[in-house]
Undergrad: 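Submitted below is the structure of interest, expressed as structure tokens.
Letters A, B, ... mirror the listed sequences (proteins, then strands); counts begin at 1.
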Protein chains: 2
Amino acid sequence: MKELTSQQKKVLQCIEFYIKKTGFPPTRANICNELGFKSPNAAESHLRALEKKGFIEITSGASRGINLVKKQNSENKIPVIGLIAAGYGTESIEEVERFIDCKNTFFESKFDYFLKVQGLSMKDAGILEDDLVAIKRTQDIKNGDIVVAKIDDEVTLKYFSSKDGDIKLLPANEDFDEIIIDQNRNDFSIIGKSVGLIREN
Amino acid sequence: MKELTSQQKKVLQCIEFYIKKTGFPPTRANICNELGFKSPNAAESHLRALEKKGFIEITSGASRGINLVKKQNSENKIPVIGLIAAGYGTESIEEVERFIDCKNTFFESKFDYFLKVQGLSMKDAGILEDDLVAIKRTQDIKNGDIVVAKIDDEVTLKYFSSKDGDIKLLPANEDFDEIIIDQNRNDFSIIGKSVGLIREN
DNA sequence: AAATATACTGTACAAATATATAGCATAAAA
DNA sequence: TTTTATGCTATATATTTGTACAGTATATTT
């Protein structure tokens, strides 16, 4: 999808605002009013540009026949990512299983995807197999955060702990051992952290 | 809000469908087309009835000037209900803390509200304090379901177990005891069951 | 019995609206 | 250099659309 000019963005926002306010899309005249244009053709040509770039659809002949095209992944469809057991590096070990109809503002922090949990290493944190943990991609991590970390070619969900520069990943289950990161030997990186969880019974 | 006649419901659904399909509300003529009316006034008078009953708002003079009035609690705003420690009978022990912007079709089963969890009696089921459990009001309960039950004047969230007519409520935490229901002595009822869970970190 | 709500057909028309055409000006791409 | 895209003003018009008025008929309420 092509980029919009600043003026075209204004027009698109104007349409979005008008729909929010009234419940139905604006006419050319309405847009002119909102943005101070003096000719309906100013609005018309902006609409044609927005249509050409794929941001709206126009139903020919219909009054207010403007339909906002939802951008795929932006705000309403959150991907659920499952981890494949073996690892081939980076984030290619992930695969999108499906999408959940939910805004990325659903929890307090915006987030990027749901991670489908494997295993019970975090069970005492109330995180069970097949739970969906909302992950925000960030490097802004504090002790005690539940993080998605990559160690060599494995991805794991654990409590984060850092003390005097020594990083540990702690499970929430007696049956699992803590993971001590040797930053010389291990290829270690933080992918993001948990900001929420959903479970479907 | 008054009740709609079956014909008025059809018109309302027609409007909802049209908006879903096209992205903008229908004209009188569009409604006539969809529903087989032969006079625009058929649509017009239905619209006026819907407006009078508060289901839509009509912007006078504007083409397609129909705005669906969101019904408070129907599909987009789910109440979060907290339990008050003491009990004063029935469901008046509950209070709506806030609403969450989420469809009641978010989980596999439709549900009625979120219950804010108190205590850790279900921690081994991955249900922690302050978690929000999606509750569907139903009497259709199977063994092993997580139910919201009322015993005398207390409301509790537990596993349900029924064997030879003996009903037990089982915690998921060693530190708690199971509750055996004496249907003669206890005022017992099932309010509903859990169909999902969300947690905000 | 009379009034009101529901549920339409049919006709009419002013106002709202999409849209084409003619211009003017600037900036970027071919 | 010539086209193409951007960003408007201004005018015109066929079509769409809301809406009023006149009827007909049935059911419900007062």
Undergrad: Any chance the rings of B:F99 and B:Y113 have centres within less than 6.0 Å?
TA: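 No, ring centres 6.0 Å or more apart.
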
Undergrad: Under 4.0 Å between any heavy atoms, over every strand shown, what does B:E44 touch: base, sugar-phosphate, or nothing? Just pick one.
TA: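 Since a base atom lies under 4.0 Å of B:E44, the category is base.
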
Undergrad: Which whole-number value in Å describes the distance from A:N33 CG to C:dT17 C1'?
TA: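 These atoms are roughly 14 Å apart.
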
Undergrad: Begin with the C-alpha distance, continue with both residues' side-chain angles, and end with the deciding distance and a verdict on side-chain contact (heavy atoms from CB on, under 4.5 Å) for A:V80 and A:K116.
TA: CA-CA 7 Å; A:V80 174; A:K116 187 164 183 177; 4.3 Å; yes

Undergrad: Measure the distance from CD on B:E51 to P on C:dA5 and round it to the nearest whole Å.
TA: 15 Å

Undergrad: Do nucleotides 25-30 of chain C as a string where each nucleotide becomes B, S or -: B if the base has a protein heavy atom under 4.0 Å, S if just the sugar-phosphate does, - if no protein is that close.
TA: ------

Undergrad: Between A:K21 and B:E57 (salt bridge meaning N to carboxylate O under 4.0 Å), is one present in this structure?
TA: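 Not counted as a salt bridge, because no side-chain N and carboxylate O are separated by less than 4.0 Å.
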
Undergrad: Using whole Å, report how far CZ of B:F37 lies from P of D:dT19.
TA: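 Nearest whole value for this atom pair: 18 Å.
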
Undergrad: What pair of heavy atoms forms the shortest contact from A:F176 to A:L120, and how long is it?
TA: CE1-C, 4.2 Å

Undergrad: If you compare all heavy atoms of B:N143 against all heavy atoms of B:S162, which two are closest, and at what distance to 0.1 Å?
TA: OD1-N, 2.5 Å

Undergrad: What closest approach, in Å, do B:G23 and A:P25 show between heavy atoms, and which atom pair accounts for it?
TA: O-CG, 4.1 Å

Undergrad: Which protein N or O atoms sit under 3.5 Å from an N or O of nucleotides 11-16 of chain C?
TA:
none

Undergrad: Below the 4.0 Å mark, does D:dA5 have OP1 or OP2 next to a side-chain nitrogen or oxygen of A:K52?
TA: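 So the side chain of A:K52 is within the cut-off, an N or O lying under 4.0 Å from OP1 or OP2 of D:dA5.
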
Undergrad: May I ask you to say whether A:E44 pairs ionically with A:R48, meaning some side-chain N is under 4.0 Å from a carboxylate O?
TA: yes

Undergrad: At 10 degrees resolution, what angle do the end axes of the helix from C:dA1-D:dT30 to C:dA30-D:dT1 form when each is taken over five base pairs?
TA: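 Rounded value for the end-axis angle: 30°.
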
Undergrad: Of the non-hydrogen atoms in A:F188 and A:I151, which two are nearest, and what is the gap between them?
TA: CD1-CG1, 3.9 Å

Undergrad: From the set D:dT19, C:dT6, C:dC8, return the single nucleotide nearest to any side-chain atom of B:R28.
TA: D:dT19

Undergrad: Return no unless some side-chain N or O of B:S45 is found under 4.0 Å from OP1 or OP2 of C:dC8.
TA: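 No.
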
Undergrad: Which atoms form the tightest heavy-atom contact between A:L169 and A:A149, and what is the distance?
TA: CD1-CB, 3.9 Å

Undergrad: If only side-chain N and O atoms of A:Q8 are considered, is one of them under 4.0 Å from the OP1 or OP2 phosphate oxygen of D:dT6?
TA: yes

Undergrad: May I ask you to verify if any side-chain N or O of A:H46 is less than 4.0 angstrom from the OP1 or OP2 atom of D:dT6?
TA: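 It does not, given that no N or O in the side chain of A:H46 lies less than 4.0 Å from OP1 or OP2 of D:dT6.
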
Undergrad: Any side-chain N or O of B:K53 under 4.0 Å from OP1/OP2 of C:dT6?
TA: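 Checking B:K53 against C:dT6: at least one side-chain N or O falls below 4.0 Å of OP1 or OP2.
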
Undergrad: Taking the inter-plane angle between the rings of A:F114 and A:F107 on a 0 to 90° scale, is it parallel (under 30°), tilted (30 to 60°) or perpendicular (over 60°)?
TA: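 Plane angle over 60°, so perpendicular.
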
Undergrad: Using whole Å, what does the distance between atom P of nucleotide D:dT17 and atom CG of B:L47 come to?
TA: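 After rounding, the reported distance stands at 14 Å.
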
Undergrad: Report the residue (B:G36 or A:I58) whose heavy-atom-nearest nucleotide on DNA chain C is the more 5′ of the two.
TA: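 Upstream on the strand: B:G36.
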
Undergrad: B:L50 has an atom CG; how far is it from atom P of C:dA7, in whole Å?
TA: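 Distance check: B:L50 CG to C:dA7 P gives 10 Å.
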
Undergrad: Check whether the side chains of B:T138 and B:K193 place a donor and an acceptor atom closer than 3.5 Å, and report yes or no.
TA: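 Absent: no donor and acceptor within the cut-off.
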
Undergrad: Closer than 4.0 Å, any side-chain N/O of A:T5 to the OP1 or OP2 of D:dA5?
TA: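 Answer no for this pair, as no side-chain N or O of A:T5 is under 4.0 Å from OP1 or OP2.
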
Undergrad: With a 4.0 Å cut-off, would you call B:K150 and B:D187 a salt bridge?
TA: yes

